[in-house]
Number of protein chains: 2
Amino acid sequence: MINEQTNPLDGIFAALSDPKRRALLARLAAQDGLTVGELAGPLPISMPAVTRHLDVLEGAGLVSREKQGRRVLCHLRPAPLRAVRDWLTDYETFWTEGLDRLAALLEAKP
Amino acid sequence: MINEQTNPLDGIFAALSDPKRRALLARLAAQDGLTVGELAGPLPISMPAVTRHLDVLEGAGLVSREKQGRRVLCHLRPAPLRAVRDWLTDYETFWTEGLDRLAALLEAKP
DNA sequence: CTGTTCGTTAATCATTACATTAAATAATGC
DNA sequence: GCATTATTTAATGTAATGATTAACGAACAG
């Protein structure tokens, strides 16, 4: 009950810990529906590497892939970021209000 | 200029991607100044493992250690979480307002 | 001083993550 | 069909992560 086996936040934070993956998200946010090739273009890594990064992002629910003809369009799925925001706001009280408020909030929240 | 070598967000997100480390943060948020032994107690891992996790958290700036006698008191340092919040708010506009606003924000922000 | 407690470091091992090149699959056009 | 383009999968190597036990060092109590 302390750990529900695996927390979705694990994968989300892990996905966001790589600057190349954050760059991919930023590109998709700026322009939705880019192909894998267009995403790989400006990055100094190979296309298979981009596919792996997209796998990680898709596994975290941050990106979805839509096959269209012989190319794959990528879309940003910001829903998991909301979970991050929720987790974060618990700690936000720590630096705005005092410790006591937060202590109550985090009694059983990993 | 695209990448300033290493982004602090890398270490912060990586530190937060482990549920045990988030559990340590939650414990410290609920009760500041816990010792390493007290932190290791309820977790199903050895004390050296906790030391390593604290190294990671301290490296990300999320925790500071204060040696007091023969024990080490740990403190939560929420400042890096503010960087996460700032990064996140850029994407928050994505699901509240439209794509256009965000596109403008993320032109050169990795 | 000696023994005990608290914490870190050392040595080791298994697992996972990230990258590359080369081959395979899939869709399009001639 | 055959060549071309787009993307993924396979095979492989290396580096990072996470854990453990054992040894070490510092602080306190008797």
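Atom CZ in B:Arg52 sits 14.0 Å away from atom CG in B:Leu57 (nearest 0.5 Å). Atom OG of residue A:Ser64 and atom CZ of residue A:Arg77 lie 3.5 Å apart, to the nearest 0.5 angstrom. Between the CG atom in A:Leu28 and the CG atom in A:Leu62 there is a gap of 10.5 Å [rounded to 0.5 Å]. The distance from the CG atom of A:Leu73 to the CD atom of A:Glu38 is 8.5 Å, given to the nearest 0.5 Å.
We find that A:Asp55 and A:Arg21 are not joined by a salt bridge, their nearest charged nitrogen and carboxylate oxygen being 4.0 Å or further apart. A salt bridge is absent between B:Asp10 and A:Lys20: the closest approach of a Lys/Arg side-chain nitrogen to an acidic carboxylate oxygen does not fall below 4.0 angstrom.
A straight line from CG of B:Leu39 to P of C:dG7 spans 9 Å, rounded to a whole angstrom. One atom, NZ of B:Lys67, and another, C1' of C:dC6, lie 9 Å apart when rounded to the nearest Å. The distance from atom CG of B:Asp10 to atom P of D:dT17 is 11 Å, rounded to the nearest whole Å. Following rounding to the nearest Å, B:Glu66 (CD) and C:dG7 (P) show an atom-to-atom distance of 13 Å. Taking atom CG of residue A:Asp18 and atom P of nucleotide C:dT16, one finds them 19 Å apart after rounding to whole Å. We find that CG of A:Leu73 is positioned 13 Å from P of D:dA6, with the value rounded to whole Å.
The C1' atoms of five pairs define one axis at each end of the helix from C:dC1-D:dG30 to C:dC30-D:dG1, and these two axes lie 10° apart (to 10°).
Nearer to the 5' terminus of DNA chain C, by closest-nucleotide assignment, is the contact made by B:Val50 (compared with the other of A:Arg21 and B:Val50).
In this structure, of D:dT7, C:dC6, C:dT9, it is D:dT7 that holds the atom nearest to the side chain of A:Val72. Residue B:Ile45 has its side chain nearest to D:dT20 when only D:dA26, D:dT8, D:dT20 are considered. When the nucleotides D:dT8, C:dT28, D:dA19 are ranked by their closest atom to the side chain of A:Arg70, C:dT28 comes out on top.
For the pair B:Ser46 and D:dA19, the criterion of a side-chain N or O lying under 4.0 Å from OP1 or OP2 is not met. Residue B:Arg71 has no polar side-chain atom (N or O) positioned under 4.0 Å from OP1 or OP2 of D:dA26. One finds a side-chain N or O of B:Lys20 lying less than 4.0 angstrom from the OP1 or OP2 phosphate oxygen of D:dA19.
Side-chain contact annotation: A:Arg71 with A:Thr35, donor-acceptor N/O pair under 3.5 Å absent.
A side-chain donor-acceptor contact under 3.5 Å links A:Tyr91 to the backbone of B:Ala26. A distance-only check finds a donor-acceptor pair linking the side chain of A:Arg22 to the backbone of A:Leu16 [under 3.5 Å].
Within residues 51-65 of chain B, the residues that place at least one heavy atom under 4.0 Å from DNA chain D are, in residue-number order, B:Arg52, B:His53.
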